[in-house]
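Here is the structure we will look at.
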There are 2 protein chains.
Amino acid sequence: MLKDVMRKKLREQGNRVTAQREAILKIFEEVGDHLGAEDVYQLLLRRRRRISKATVYRTLELLTSMGLLRRLEPNEGVYRYELAESSSNHHHAICTSCGTIMNIDLKDLENSIQQAAESIGFNMTNYSVVIYGLCPSCQKKINAETEMISSK
Amino acid sequence: MLKDVMRKKLREQGNRVTAQREAILKIFEEVGDHLGAEDVYQLLLRRRRRISKATVYRTLELLTSMGLLRRLEPNEGVYRYELAESSSNHHHAICTSCGTIMNIDLKDLENSIQQAAESIGFNMTNYSVVIYGLCPSCQKKINAETEMISSK
DNA sequence: GTAGGTGCAAACGCTTTGCATCTGG
DNA sequence: CCAGATGCAAAGCGTTTGCACCTAC
């Protein structure tokens, strides 16, 4: 269980196990991916857990440095986080219309990317692919609108 | 010439050609890639061109929306920009030690990425690959340090 | 008991905005 | 001449920090 992994890691590094840290990790287990600090804060409030934003920020950073969370590079605005275990082999497709983030598996590409990095003398530790475009539901919306117009 | 492209596009859209806009575009032609708003502002100052930061920000946004610049997704901190023409077929390798951004050509991957996007019903318009790791010069530094220690 | 964690509010840094003034077409 | 652009200063907004109080160990 992830909670136990966290407890173990915290203790190994001389950090403490606190209710706040467990609550924040639990949010990610329950709600899932791509949450920003504000999202986490609000989700905690909805669960009647009042944790200061400062603590949310500090905890997100701690969990990231411990390797439990991964921080996504924002294309726009806010840092978002996801469970690191779930993110080891996927990348992101971001809808430019509604902002939805979808996961996408690209592990077949790993070798080609690795090679390209080597070709410029770069020692790659990891990589991230972000795809921009329209998610299925925005495509539908746009198609529907187009039909409306052409049928007028 | 790029300046003429800009003039043409500005007029087409009913925007004005101003000295500030030309000066900012020129910075990118002369200095090149991966500049943040503050960089552009400082480079202008060094060239004795006092342009307010507000204008720098507004112009970077305008040039981006016109397709002349591209805004890079920051992994950390600040938005950076580069000439869009130079960025059509390259991606970025970011050194996690010194922060240097290197360009890398990955156009062979385009088809595979396109296909992966389609497989989840996503209509891709473009994509971005960011590679993290150590640039050649930081690798050297680290090797040198390691030798120093082992030879003690 | 005490080092480390938390909450609060203030500070921060990048970016955006309101408004008076200026200027390209 | 006047819609659009600029400069300035102030506001915004997500994030970080200083400090007094609290709590896990």
Side-chain angles (χ1 to χ4, degrees), chain A residues 3-4 6-27 34-45 47-66 68-69 71-81 99, chain B residues 3-4 6-27 34-45 47-66 68-69 71-81 99:
Chain A
K3 205 210 286 195
D4 300 321
M6 179 179 76
R7 288 184 171 176
K8 189 159 164 284
K9 289 207 186 193
L10 283 172
R11 293 206 174 102
E12 278 170 11
Q13 302 178 14
N15 293 315
R16 289 182 186 164
V17 176
T18 66
Q20 288 88 335
R21 287 170 183 175
E22 301 206 314
I24 289 170
L25 183 66
K26 202 164 164 224
I27 292 289
H34 312 141
L35 304 173
E38 181 68 29
D39 300 328
V40 173
Y41 179 72
Q42 292 300 333
L43 287 164
L44 287 165
L45 282 188
R47 285 164 175 61
R48 308 279 147 84
R49 298 282 347 239
R50 179 171 303 283
I51 296 179
S52 74
K53 278 192 194 169
T55 297
V56 172
Y57 278 102
R58 284 187 281 229
T59 302
L60 291 176
E61 212 238 298
L62 178 68
L63 296 179
T64 302
S65 74
M66 285 167 45
L68 290 174
L69 295 182
R71 187 166 86 169
L72 311 180
E73 317 78 53
N75 59 316
E76 188 90 348
V78 184
Y79 289 125
R80 307 201 152 267
Y81 296 81
Chain B
K3 205 210 282 198
D4 300 321
M6 179 179 75
R7 289 184 171 176
K8 191 159 162 285
K9 289 207 185 194
L10 282 172
R11 293 206 175 101
E12 278 171 11
Q13 302 179 13
N15 294 313
R16 289 183 186 164
V17 176
T18 65
Q20 288 89 334
R21 287 171 182 174
E22 301 206 314
I24 289 171
L25 183 66
K26 203 165 164 224
I27 292 289
H34 314 142
L35 303 174
E38 181 68 29
D39 300 328
V40 173
Y41 179 72
Q42 292 300 334
L43 286 164
L44 287 164
L45 281 188
R47 285 164 175 61
R48 308 277 146 83
R49 298 281 347 238
R50 179 171 303 282
I51 295 180
S52 75
K53 278 192 194 168
T55 298
V56 172
Y57 277 101
R58 283 187 281 230
T59 303
L60 291 176
E61 212 238 297
L62 178 68
L63 295 180
T64 302
S65 74
M66 285 167 46
L68 289 174
L69 294 182
R71 187 166 87 171
L72 310 180
E73 319 77 51
N75 60 315
E76 189 89 347
V78 184
Y79 289 124
R80 308 202 151 267
Y81 296 81

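All chains are named by letter (A, B, ...) in the order of the sequence lines, taking the proteins before the strands, and each is independently numbered beginning at 1. All figures in this text were calculated on a predicted structure; none of them were measured in a lab.
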CZ-CD1 distance between A:Arg49 and A:Ile24, expressed to the nearest 0.5 angstrom | 9.0 Å
Note: chain A reaches DNA chain C at heavy-atom distances under 4.0 Å over the stretch, first to last nt, 5' to 3', of C:dA3 to C:dC8
Below 3.5 Å, can you tabulate the donor-acceptor pairs from side chains in residues 58-66 of chain A to any protein atom, sequence neighbours excluded?
{"from": "A:Thr59", "atom 1": "OG1", "to": "A:Thr55", "atom 2": "O", "distance (Å)": "2.7"}
{"from": "A:Thr64", "atom 1": "OG1", "to": "A:Leu60", "atom 2": "O", "distance (Å)": "2.7"}
{"from": "A:Ser65", "atom 1": "OG", "to": "A:Leu62", "atom 2": "O", "distance (Å)": "2.8"}

Partner set under salt bridge (Lys or Arg N to Asp or Glu O under 4.0 Å) for B:Arg80, not counting sequence neighbours = B:Asp39
Nearest-Å distance for atom pair CD/P, residues B:Gln13 and D:dA5 | 10 Å
OH of A:Tyr41 versus C1' of D:dC13: gap in Å, rounded?
-> 15 Å
Measure the spacing between CD of B:Gln42 and CG of B:Leu35 and express it to the nearest 0.5 Å.
-> 12.0 Å
Rounded to the nearest 0.5 angstrom, the OH-CG distance for A:Tyr79 and A:Leu72 is 11.5 Å
Proximity to DNA chain C (any heavy atom under 4.0 Å), residues of residues 18-27 of chain A only = A:Thr18, A:Gln20, A:Arg21
Rounding to a whole Å, what distance do you find between B:Leu10:CG and D:dA3:C1'?
-> 15 Å
Identify the heavy atoms of B:Ile51 and B:Ala23 that sit nearest to each other, and give their distance.
-> CD1-CB, 4.1 Å
Before giving the answer on side-chain contact (heavy atoms from CB on, under 4.5 Å), spell out for A:Leu44 and A:Arg50 the whole-Å C-alpha distance, their side-chain angles and the decisive distance to 0.1 Å.
-> CA-CA 7 Å; A:Leu44 287 165; A:Arg50 179 171 303 283; over 6 Å; no
Between B:Arg49 and A:Gly36, which is nearer to the 5' end of DNA chain D once each is assigned its nearest nucleotide?
-> B:Arg49
Would you name the heavy atoms of B:Val56 and B:Ala37 that are closest together and state the gap between them?
-> CG1-O, 3.7 Å
Taken to the nearest 0.5 Å, the spacing of B:Met6 CE from B:Lys26 NZ works out to 11.5 Å
Starting at the 5' end of DNA chain C and moving along, which residue's nearest nucleotide shows up first, B:Ala37 or B:Asn15?
-> B:Ala37
Under 3.5 Å, side-chain donor or acceptor atoms of residues 12-19 of chain B against the rest of the protein: list the pairs with distances, not counting sequence neighbours.
{"from": "B:Glu12", "atom 1": "OE2", "to": "B:Lys8", "atom 2": "NZ", "distance (Å)": "3.3"}
{"from": "B:Thr18", "atom 1": "OG1", "to": "B:Arg21", "atom 2": "N", "distance (Å)": "3.3"}

Show each protein N/O and nucleotides 16-23 of chain D N/O combination with a separation under 3.5 Å, one pair to a line.
{"from": "D:dT23", "atom 1": "O2", "to": "A:Arg16", "atom 2": "NH1", "distance (Å)": "3.1"}

